[in-house]
Amino acid sequence: LGMLRTKAEPNADGSYSITGTKIFISAGDHDMAENIVHIVLARLPGAPEGTKGISLFIVPKFNVSDAGEVSERNAVACGSIEHKMGIHGNATCVMNFDGAKGFLIGEPNKGLNCMFTFMNTARIGTALQGLAHAELGFQGSLAYARDRLQMRSLTGVKAPDKAADPIIVHPDVRRMLLTQKAFAEGGRALVYFAAQQVDKVSLSASDEERQQADALLSFLTPIAKAFLTEVGFESANLGLQCFGGHGYISEWGMEQNVRDSRISMLYEGTTGIQALDLLGRKVLMTQGEALKSFTKIVHKFCQAQQDNPEMAAYIKPLAAINKEWGELTMKIGMAAMQDKDEVGAASVDYLMYSGYAVLAYFWARSALIAQQQLAQGSSDAAFYSAKLATADFYFARILPRTRTLAVTMTSGADNLMALDADDFAF
């Protein structure tokens with residue numbers, strides 16, 4: 001963004017003349033709405049170099065009269081349609097602005113501050129997209145696994161009236177299905193929790209409650225966006241794998257889910273950008289206070305359940321990872337004081353570790369509620385039993401991924417920076 005060249009020249013009527021180009025604009029031009037309003041970053045005359053000299057504008061496809069009526073076409077046009085790996089149902093455009101009339105949003109040269117209001121909202125939406133891809137992969141592969149016949153169970157025939165057993169009896173198929181289920185349902189809890197913070201920011205009665213919710217939402221947003229899109233793509237891949245060769249052909253929709261889900265890790269800032277935002281800006285620049293906004297919640301939950309024997313299998317590992325999370329953060333922060341590259345070197349592993357830790361909390365909460373409902377004789381016993389089984393799976397087979405991440409994120413920047421740029425080919 002610091003190299004942005006789009007220009008904004010003041011007009012006599014208080015508007016601005018915008019000249020430049022935008023790329024990767026989803027639904028940038030279409031005829032499904034009366035008007036389209038583009039959000040455009042541009043430089044005013046004499047603006048400072050770099051990101052400190054960027055302002056934000058709205059630019060409509062059609063200008064609007066003083067009476068509020070759509071009038072003449074603005075000088076903005078689609079230059080080309082980009083050919084993409086997936087999401088073919090949504091045209092992505094190059095948009096050209098040739099002296100188009102635009103209007104300043106916020107203060108001059110403060111465009112990035114205004115833009116992040118849009119971006120953070122979009123990042124929660126992209127997290128939801130990752131969740132949707134996990135859910136779609138799970139629903140498709142679950143239905144197929146119940147129906148597809150292949151081999152016999154190693155522990156004995158399960159469907160004697162059929163030529164073979166349905167593949168859902170096989171442990172590896174269950175591994176894939178449970179991974180998808182754990183990410184879809186755990187991710188849904190995370191998105192709902194984030195949505196609660198959005199409501200609290202808007203509706204809480206006290207300034208303190210609004211500030212606490214805003215700090216928590218700020219911390220969770222890069223985790224939700226990056227982690228849920230990464231595991232959403234993993235789940236989409238597992239959905240295709242459950243289908244075997246049938247997953248690779250178009251008729252089942254699994255290969256489309258893989259293609260369509262891949263862009264979610266790029267939308268609204270890549271996983272690497274989200275990771276730098278989380279570790280660099282949100283955590284280290286607040287001396288760990290942003291992290292504490294969430295780890296305090298986990299700590300209080302663990303304290304409340306520490307004497308509950310039925311929760312021991314969840315509370316012990318959750319409390320341990322919550323403590324380690326802070327220790328790893330401190331270690332990376334100390335290393336970064338000597339070499340700033342340590343932040344970038346650790347950031348993606350740190351974000352994924354954070355995502356697994358966050359979902360562990362929500363799965364422990366789910367397990368507690370399931371236990372309580374089953375003890376009360378709920379009529380949805382199968383539902384709550386499945387929640388417990390999935391929580392057990394998550395803690396036994398997904399959460400241990402953090403063991404590797406704890407090692408790699410603290411291995412230092414030297415193993416990444418040793419080669420000169422010209423030596424990679426050798």
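Here the structure is a predicted model, which means the values were calculated and not measured. Nothing fancy with the numbering, it's 1 onward along the sequence.
- Looking only at distances, a side-chain donor or acceptor of Ser71 sits under 3.5 Å from a matching main-chain atom of Asn63.
- At most 12 heavy atoms of other shown residues, nucleotides or ligands fall within 6.0 angstrom of atom CE in Met337.
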Chi angles and distances behind the side-chain hydrogen bond (donor to acceptor under 3.5 Å, both in side chains) call for Gln129, Tyr267: CA-CA 10 Å; Gln129 180 178 341; Tyr267 271 152; 5.2 Å; no

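- Taking every heavy atom of both residues into account, Lys101 and Pro60 meet most closely at O-CD, 3.6 Å.
- Checked options Val343, Ile332, Leu278; the residue passing with Val283 is Leu278 (criterion: side chain to side chain contact (heavy atoms under 4.5 Å, CB included)).
- Ring-plane geometry between Trp325 and Phe219 is classed as tilted, the angle between the planes lying from 30 to 60 degrees on a 0 to 90 degree scale.
- Using the six-membered ring where Trp is involved, Trp252 and His246 have ring planes that are perpendicular, over 60° apart on the 30 and 60° scheme.
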Worked verdict on Val198 versus Leu217 for side-chain contact (heavy atoms from CB on, under 4.5 Å): CA-CA 7 Å; Val198 173; Leu217 182 63; 3.7 Å; yes

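- There is no side-chain donor-acceptor pair under 3.5 Å between Thr179 and Glu234.
- Atom CD of Glu107 has 12 or fewer neighbouring heavy atoms from other residues, nucleotides or ligands inside a 6.0 Å radius.
- Remark: side-chain polar atoms of Arg43 are paired, donor with acceptor, to backbone N or O of Gly50 under 3.5 angstrom.
- Donor-acceptor pairing under 3.5 Å is lacking for the side chains of Asp380 and Ser378.
- Residues passing the ring pair (Phe, Tyr, Trp, His ring centres under 6.0 Å) test with Phe183: none are found, sequence neighbours excluded.
- Annotation: ring pair (Phe, Tyr, Trp, His ring centres under 6.0 Å) contacts of Phe138 (sequence neighbours excluded): none.
- Residues Ile263 and Met85 are not in side-chain contact: their nearest non-hydrogen atoms beyond the backbone lie 4.5 Å or more apart.
- Counting heavy atoms from C-beta on, the side chains of Val94 and Lys22 never come closer than 4.5 Å.
- Between Leu405 and Tyr350 the shortest side-chain heavy-atom distance does not fall below 4.5 Å.
- Inter-residue side-chain proximity for Leu41 and Leu112 is flagged as met; some heavy-atom pair is nearer than 4.5 Å.
- Aromatic ring centres of Tyr356 and Phe227 lie closer together than 6.0 Å.
- Looking only at distances, no side-chain donor or acceptor of Asp214 sits under 3.5 Å from a matching main-chain atom of Val201.
- Rounding to the nearest 0.5 Å places OH of Tyr16 at 7.5 Å from OG of Ser55.
- The 12-atom threshold is exceeded at CZ of Arg73, counting heavy atoms of other residues, nucleotides or ligands nearer than 6.0 Å.
- Proximity of a side-chain donor or acceptor of Ser218 to a complementary backbone N or O of Ala215 within less than 3.5 Å is not detected.
- Other residues, nucleotides and ligands place no more than 12 heavy atoms under 6.0 Å from the NE2 atom of His299.
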Under the side-chain contact (heavy atoms from CB on, under 4.5 Å) criterion, do Met254 and Val258 qualify, and how do the steps go? CA-CA 6 Å; Met254 291 294 103; Val258 173; 5.8 Å; no

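- Remark: side-chain polar atoms of Thr19 are paired, donor with acceptor, to backbone N or O of Gly99 under 3.5 angstrom.
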Could you walk me through whether Lys331 and Glu327 pass the salt bridge (Lys or Arg N to Asp or Glu O under 4.0 Å) check? CA-CA 6 Å; Lys331 186 173 183 179; Glu327 294 169 348; over 6 Å; no

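- Annotation for Gln373: atom CD counts as buried by contact number, over 12 foreign heavy atoms lying within 6.0 Å.
- Residue Gln338 qualifies as open at atom CD: its count of foreign heavy atoms under 6.0 Å is 12 or below.
- Taking 4.5 Å as the limit, every side-chain heavy atom of Asn308 sits out of range of all side-chain heavy atoms of Ile315.
- Other residues, nucleotides and ligands contribute only 12 or fewer heavy atoms inside 6.0 Å of the NZ atom of Lys200.
- Checking side-chain atoms of Asn90 against main-chain N and O of Ala27 turns up a donor-acceptor pair under 3.5 Å.
- Between Phe395 and Tyr314 the shortest side-chain heavy-atom distance falls below 4.5 Å.
- The closest side-chain heavy-atom distance from Val64 to Asn35 is below 4.5 Å.
- Ser366 and Glu185 share no donor-acceptor pair across their side chains, judged by distance under 3.5 Å alone.
- Asn120 and Thr221 share no donor-acceptor pair across their side chains, judged by distance under 3.5 Å alone.
- Closest approach of Thr6 and Gly20 over heavy atoms only: OG1-CA, 3.7 Å.
- Note that NZ of Lys61 is 4.0 Å distant from CG of Asp29, once rounded to the nearest 0.5 Å.
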Please step through salt bridge (Lys or Arg N to Asp or Glu O under 4.0 Å) for the pair Arg403 and Glu324, ending with a clear verdict. CA-CA 11 Å; Arg403 299 302 87 231; Glu324 183 186 53; 2.6 Å; yes

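- Annotation for Arg401: atom CZ counts as buried by contact number, over 12 foreign heavy atoms lying within 6.0 Å.
- Summarising the geometry, atom OG belonging to Ser293 is positioned 6.5 Å from atom CG belonging to Leu220; distances are rounded to the nearest 0.5 Å.
- Contact annotation: the side chain of Phe97 never approaches that of Lys7 to less than 4.5 Å [non-hydrogen atoms, C-beta and beyond].
- Checking side-chain atoms of Asp339 against main-chain N and O of Asp341 turns up a donor-acceptor pair under 3.5 Å.
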List the steps and the verdict of side-chain contact (heavy atoms from CB on, under 4.5 Å) for Val358 and Phe193. CA-CA 11 Å; Val358 167; Phe193 185 80; over 6 Å; no

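- Using a distance-only test at 3.5 Å, with no hydrogens or angles considered, a donor-acceptor pair links the side chain of Asp13 to the main chain of Ser15.
- When all heavy atoms are compared, the tightest approach of Ala236 to Asn257 is CB-ND2, 3.5 Å.
- Distance alone, capped at 3.5 Å, places no donor-acceptor pair between the Arg148 side chain and the Ile168 backbone.
- Between Ala370 and Lys387, the closest heavy-atom pair is CB-CB, 4.1 Å.
- Residues Leu276 and Gly344 share a closest heavy-atom pair of CD2-CA, 3.8 Å.
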Test Leu238 against Ser141 for side-chain contact (heavy atoms from CB on, under 4.5 Å), laying out the working first. CA-CA 8 Å; Leu238 290 174; Ser141 52; over 6 Å; no

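- When all heavy atoms of Cys242 and Gln180 are compared, the pair lying nearest together is SG-OE1, 4.4 Å.
- With rounding to the nearest 0.5 Å, the separation of CD1 in Ile36 from CD1 in Ile25 is 11.5 Å.
- In this structure, OG1 in Thr271 is found 5.5 Å from NZ in Lys225, a value given to the nearest 0.5 Å.
- The backbone N or O of Lys282 sits less than 3.5 Å from a side-chain atom of Thr286, completing a donor-acceptor pair.
- For the atom pair CD1 of Ile87 and CG of Asp260, the computed distance is 7.0 Å after rounding to the nearest 0.5 Å.
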